[in-house]
Amino acid sequence: MALGFGVEYKYAMSEKQDPFSAPFGTLFGDHMSVATVDEDGVYEYAGAAQALENFSMHPATHALHYASAIFEGLKAHRQEDGSVAIFRLDDHVARMQVSIGKLRMPVAAADLIRQMIVDAATADVGHTPDAPGSLYLRPTFIGTAPNIGAAATPSATGMLYVITSPVGDYFAGGIRPLTIYIEHDTPRTTPQFGMVKSGANYVMALGPTLDAKRDHVADQVLFATGGDVTETGAANFFLVDDERVITRNLDESFLHGVTRRSVIQIAKDLGYEVEERAIQVDELKAWAEHGEMFLSGTAAVIAPVGKVIVRGETVQARDGQPGENTLKLRDALTSVQTGRSEDVHGWLTPIG
Ligand SMILES: *Cc1c(COP(=O)(O)O)cnc(C)c1O
């Protein structure tokens with residue numbers, strides 16, 4: 001018996017849904033690409049995308065009990081000339097390999113992951129909205145072994161799949177500066193899972209985020225255990241002024257955003273001095289006097305921060321409005337993504 005869980009799919013094109021009015025991530029393309037990996041670590045892929053459909057799985061499926069599940073999120077953008085290209089495909093493929101490895105599962109070859117993403121995106125390329133919309137791509141890996149005794153072992157089998165989701169502008173109604181709450185005590189995740197893109201990390205960050213929304217009317221929580229700034233539940237953190245761009249140096253405590261890496265490169269291209277180093281909450285608080293702050297991630301690209309709440313005190317970043325350096329970096333990045341400026345770093349993979 002296939003359990004549908006009462007889920008109804010909304011097919012973007014067939015039902016004429018508008019990605020610009022639907023909430024982010026609630027519309028789906030018509031296709032998915034699916035591969036399985038067996039006990040010997042051998043991946044099997046049909047070699048093409050297939051129709052999107054429900055999965056039927058055993059209630060004891062490993063991912064449902066022991067959280068053997070990771071994902072990626074990247075976008076295909078419609079270009080100025082009407083064609084479509086995926087942004088930084090190989091970087092997302094490489095990060096997905098790291099995440100699968102952290103589940104201690106057999107890591108899929110980069111070529112396979114890459115092909116499956118391209119196949120799903122190509123099959124649904126017709127659903128790609130014009131900029132600032134895009135076709136969001138969601139590669140996912142789950143442990144599929146029906147085994148509730150495998151609490152201390154990796155799932156013996158797995159599934160890799162890619163679905164697509166036409167999305168509109170993350171900031172429908174204009175860019176609104178965010179209020180972020182600084183969390184000093186509860187960490188976002190555990191040291192060994194900091195750089196894994198996993199649902200387990202998201203559900204761990206959820207409680208502190210909902211509490212901050214309720215108690216402090218904050219939009220997001222910036223995790224800074226012991227005063228050491230890391231990131232929010234789903235985005236990296238930056239300080240910027242007219243000369244400098246500062247973000248935390250890479251270590252295993254946080255997710256290495258592809259947007260983060262892109263912002264760093266673009267900032268260098270624009271002549272900013274880039275510092276990758278530790279940021280203390282006290283520095284952040286002082287920075288608000290003269291500088292700007294923003295969050296970076298694939299969904300929102302760059303989201304300006306207007307206010308930070310530090311130990312009960314609300315500090316406004318300058319006038320609380322999106323800063324000019326923040327908007328300049330955002331525009332430079334979205335220009336490359338959509339072909340408005342030249343792709344000098346080879347970040348685009350054309351798909352149709
Ligand atoms: C996905 C994610 C980011 C942003 O990464 P991008 O590659 O820029 O989209 C940041 N933090 C966490 C925890 C994430 O899961």
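FYI, the numbering just counts along the sequence from 1. All ligand and atom numbering here is 1-based and tracks the order in the structure.
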### Message
My understanding is that only one of Tyr43, Phe55, Phe71, Phe141 makes a ring pair (Phe, Tyr, Trp, His ring centres under 6.0 Å) with Tyr161; could you say which?
### Response
Phe55

Give the residue, atom name and distance (to 0.1 Å) of the protein heavy atom nearest [atom].
atom	result
atom 9 (O) of ligand 1	Thr298 OG1, 2.6 Å
atom 11 (N) of ligand 1	Glu231 OE1, 2.5 Å
atom 8 (O) of ligand 1	Thr259 OG1, 2.6 Å
atom 14 (C) of ligand 1	Lys197 NZ, 3.0 Å
atom 3 (C) of ligand 1	Ala234 O, 3.4 Å

### Message
The test is salt bridge (Lys or Arg N to Asp or Glu O under 4.0 Å); show your working for Glu276 and Arg248 and say whether it passes.
### Response
CA-CA 5 Å; Glu276 290 181 72; Arg248 187 192 173 86; over 6 Å; no

### Task
Determine, using ring centers only, whether Phe237 and Phe294 are less than 6.0 Å apart.
no

### Task
Tell me, please, which residues at least two apart from Lys285 pass salt bridge (Lys or Arg N to Asp or Glu O under 4.0 Å).
Glu313

If you measure every N or O of [X] against every N or O of ligand 1, does any of those distances drop under 3.5 Å?
X	result
Thr232	no
His256	no
Arg260	no

Does [X] come within less than 4.0 angstrom of ligand 1, counting non-hydrogen atoms of the residue?
X	result
Arg95	yes
Glu72	no
Gly233	yes

Value rounded to 0.5 Å, distance of [atom1] in [X] from [atom2] in [Y]:
X	Y	atom1	atom2	answer
Ser262	His345	OG	NE2	9.0 Å
Tyr136	Ile163	OH	CD1	9.5 Å
Leu222	Leu178	CG	CG	11.5 Å
Lys75	Arg88	NZ	CZ	15.0 Å

### Query
With a 4.0 Å heavy-atom cut-off (strictly under), which part of Tyr202 contacts ligand 1: side chain, backbone, both or neither?
side chain

### Summary
Atoms of ligand 1 under 4.0 Å from any heavy atom of Ala235, numbered from 1 in the order shown, are 10 (C), 11 (N)

### Message
Under 4.0 Å from a heavy atom of Gly297: which atoms of ligand 1 are those, numbered in the order shown and with their elements?
### Response
4 (C), 8 (O), 9 (O)

### Message
Can you check which of Ala299, Gly257, Gly194 brings a heavy atom nearest to atom 5 (O) of ligand 1?
### Response
Gly257

#### Entry: Whether Trp347 and Phe87 hold their rings parallel, tilted or perpendicular, with breakpoints at 30° and 60°
perpendicular

### Query
Any sub-3.5 Å donor-acceptor pair from Ser165's side-chain atoms to Leu27's backbone N or O?
yes

